[in-house]
K.L.:
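The structure's right below; bear with me while I get my questions together.
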Amino acid sequence: MGAPALSRSRQDYLKALLQLADRSPVPVTTLARHLGVSAPSVTNMLARLEDERLVSLHHRGAARLTPEGGRQALRIVRRHRILETFLVRALGLDWSDVHEDAEVLEHHVSERVLDALDRFMKHPTEDPHGHPIPDARGRLARRALAPIGELPAGARAVVREIRDRDRARMTRWKQAGLVPGAQLVVRSANRDDDVFEIEVAGRRLVSGSEGLDGVLVQRVGSRST
């Protein structure tokens, strides 16, 4: 099978809607900010995607993926995360540098090559940033995760996912030991002053919630969903 029939911009929109959606449709302004484009451009593209039955539009143009749009978005996410994993595991690139490379490659690698990469790496289930990789049937593991800033003092947790859109932040987190699989303890959580003291890998880290935003953890003893 060749490269996906969807244009690159359509793929970017579907993937963004999957990433941003929770239980509510995604507002035009939120999608525009995420993609770095104007609100009118978003409105025009969403109208096309609605005509193609990939999204459904709601109040004031807010968008939600249709079942088919969701399937297409998961295929794109699978491509991206397999490519990131290959770039780190096989080519030895740093995990903080591969997001943008995978963004480019995901639009050009054929399904045949992607399947070969998946087999070569023995079907990885997570990318280098801890995000679950959808399987070949489009199934994505769901987990009960929370930002570190929501944990109370004394809580123990394991880092499961790292947001991969900001290279500088990823580099700082890696240097601090906040990497997937790392165990941590919240030594203190002062929400009034927005100061959190974290112990990870035997080191003490003091940060505000903004500096920890993007690191998702699973409390020790909590269950995946």
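Heavy atoms only: backbone and side chains are in, while hydrogens, waters and symmetry mates are out. Remember, it's a predicted structure, so these values are computed and weren't measured experimentally.
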K.L.:
Does Glu100, at its CD atom, have more than 12 non-hydrogen atoms belonging to other residues, nucleotides or ligands within less than 6.0 Å?
P.N.:
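No - once you tally the heavy atoms of other residues, nucleotides and ligands closer than 6.0 Å, there are 12 at most.
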K.L.:
When you compare the side chain of Asp51 with that of Leu49, does any pair of heavy atoms fall below 4.5 Å?
P.N.:
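Of all side-chain heavy-atom pairs linking Asp51 with Leu49, none is under 4.5 Å.
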K.L.:
I'd like to know if Lys15 and Glu103 make a salt bridge, using a cut-off of under 4.0 Å between side-chain N and carboxylate O.
P.N.:
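The answer is yes: the pair qualifies as a salt bridge.
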K.L.:
For residues 68-96, which residue pairs pass the ring-ring contact (aromatic ring centres under 6.0 Å, His included) check, not counting sequence neighbours?
P.N.:
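Qualifying pairs: His80-His99, Trp95-His129.
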K.L.:
Backbone N or O of Pro132 within a donor-acceptor pair of the Arg81 side chain at under 3.5 Å?
P.N.:
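Such a contact is found between Arg81 side chain and Pro132 backbone.
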K.L.:
What pairs meet the ring-ring contact (aromatic ring centres under 6.0 Å, His included) rule with one or both residues in residues 25-68, with sequence neighbours excluded?
P.N.:
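Every pair satisfying ring-ring contact (aromatic ring centres under 6.0 Å, His included) with a residue in residues 25-68: there are none.
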K.L.:
To the closest 0.5 Å, what do you measure between CG (Leu17) and CG (Asp12)?
P.N.:
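With rounding to 0.5 Å, CG (Leu17) is 11.0 Å from CG (Asp12).
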K.L.:
Mind checking whether Leu35 and Leu6 sit in one hydrophobic cluster, side chains of I, L, V, M, F, W, Y counted as touching below 4.5 Å?
P.N.:
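In one cluster with Leu35: Leu6, yes.
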K.L.:
Taking NZ, NE, NH1 and NH2 as the nitrogens, is one of them in Arg204 or Glu197 under 4.0 Å from a carboxylate oxygen of the other?
P.N.:
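Salt bridge: yes.
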K.L.:
Does a side-chain N-to-carboxylate-O contact under 4.0 Å join Glu52 and Arg10?
P.N.:
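Result for this pair is yes, salt bridge flagged.
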K.L.:
I'd like to know if the side chain of Thr85 pairs up with that of Asp127 as donor and acceptor (distance under 3.5 Å, no hydrogens or angles considered).
P.N.:
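On atom types as modelled, these side chains do not qualify, holding no pair under 3.5 Å.
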K.L.:
List, by chain and number, the other hydrophobic cluster members for Val195, where Ile, Leu, Val, Met, Phe, Trp and Tyr join if side-chain heavy atoms come within less than 4.5 Å, directly or indirectly.
P.N.:
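Besides Val195, the cluster holds Val206.
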K.L.:
Do the side-chain N and O atoms of Gln175 and Arg172 include a donor-acceptor pair separated by under 3.5 angstrom?
P.N.:
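Checked: Gln175/Arg172 side chains show no N/O donor-acceptor pair below 3.5 Å.
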K.L.:
On a heavy-atom basis, which atom in Arg187 and which in Ala153 lie closest, and how many Å separate them?
P.N.:
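That closest heavy-atom pairing would be O-CB, 4.2 Å.
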K.L.:
Is there a path of hydrophobic side-chain contacts, each under 4.5 Å between heavy atoms of I/L/V/M/F/W/Y residues, joining Val159 to Leu205?
P.N.:
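Yes, one cluster joins them.
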K.L.:
About how many Å separate OG of Ser24 and CZ of Arg64, when rounded to the nearest 0.5 Å?
P.N.:
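The CZ atom of Arg64 sits 7.0 Å away from the OG atom of Ser24.
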K.L.:
Other residues, nucleotides and ligands only: do more than 12 of their heavy atoms fall within 6.0 Å of CZ on Arg191?
P.N.:
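Yes, enclosed.
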K.L.:
With a 4.0 Å cut-off, would you call Lys174 and Asp94 a salt bridge?
P.N.:
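Yes, this pair counts.
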K.L.:
Between the side chain of Trp173 and the main-chain N/O of Gly211, is any donor-acceptor distance below 3.5 Å?
P.N.:
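Looks like yes, one N/O pair under 3.5 Å.
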K.L.:
When you measure from the side chain of Thr66 to the backbone of Leu54, do you find a donor-acceptor pair of N or O atoms at a distance under 3.5 Å?
P.N.:
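Yes; judged by distance alone, with no hydrogens or angles, the pair exists.
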K.L.:
Which of these passes side chain to side chain contact (heavy atoms under 4.5 Å, CB included) with Val217: Leu151, Leu145, Ile198?
P.N.:
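Testing each of Leu151, Leu145, Ile198 against Val217, the sole residue satisfying side chain to side chain contact (heavy atoms under 4.5 Å, CB included) is Leu151.
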K.L.:
Do Leu20 and Tyr13 sit in the same hydrophobic cluster, where Ile, Leu, Val, Met, Phe, Trp and Tyr count as joined when their side-chain heavy atoms come under 4.5 Å apart?
P.N.:
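The answer is yes; both residues are in one hydrophobic cluster.
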K.L.:
Hey, what do you get for CZ (Arg89) to CD1 (Ile82), rounding to the nearest 0.5 Å?
P.N.:
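Rounded to the nearest 0.5 Å, the CZ-CD1 separation comes out at 10.5 Å.
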K.L.:
Indicate yes or no: at least one non-hydrogen side-chain atom of Phe196 is less than 4.5 angstrom from one of Leu212.
P.N.:
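Touching, per the 4.5 Å side-chain cut-off.
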K.L.:
Nearest 0.5 Å, what's the CG-OG1 distance between Leu57 and Thr43?
P.N.:
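Leu57 atom CG to Thr43 atom OG1 measures 9.0 Å (nearest 0.5 Å).
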K.L.:
Which distance, rounded to the nearest 0.5 Å, do you find between the CG of Leu117 and the CZ of Arg79?
P.N.:
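One finds 10.0 Å between CG of Leu117 and CZ of Arg79.
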K.L.:
With the 4.5 Å side-chain cut-off for hydrophobic clustering, are Leu91 and Val104 part of the same group?
P.N.:
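As far as the 4.5 Å side-chain criterion goes, Val104 and Leu91 are not connected within one cluster.
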K.L.:
With no hydrogens and no angle check, is any side-chain donor or acceptor of Ser41 less than 3.5 Å from a backbone partner on Val37?
P.N.:
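Pair absent, no side-chain N/O of Ser41 close to backbone of Val37.
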K.L.:
So how far is it from Arg78 CZ to Leu114 CG, rounded to the nearest 0.5 Å?
P.N.:
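Spacing of CZ (Arg78) from CG (Leu114) equals 6.0 Å.
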K.L.:
So that I can tick it off, tell me whether Arg71 and Glu68 are bridged by a salt bridge, with the cut-off set at under 4.0 angstrom between side-chain N and carboxylate O.
P.N.:
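Yes, this pair counts.
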K.L.:
For a quick test of reading the model, state the closest non-hydrogen atom pair linking Leu31 to Ala16 and the distance between them.
P.N.:
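In terms of heavy atoms, the two residues are closest at CD1-CB, 3.7 Å.
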K.L.:
Is the shortest side-chain N to carboxylate O distance from Arg156 to Glu199 below 4.0 Å?
P.N.:
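Looking at Arg156 and Glu199, the cut-off is not met.
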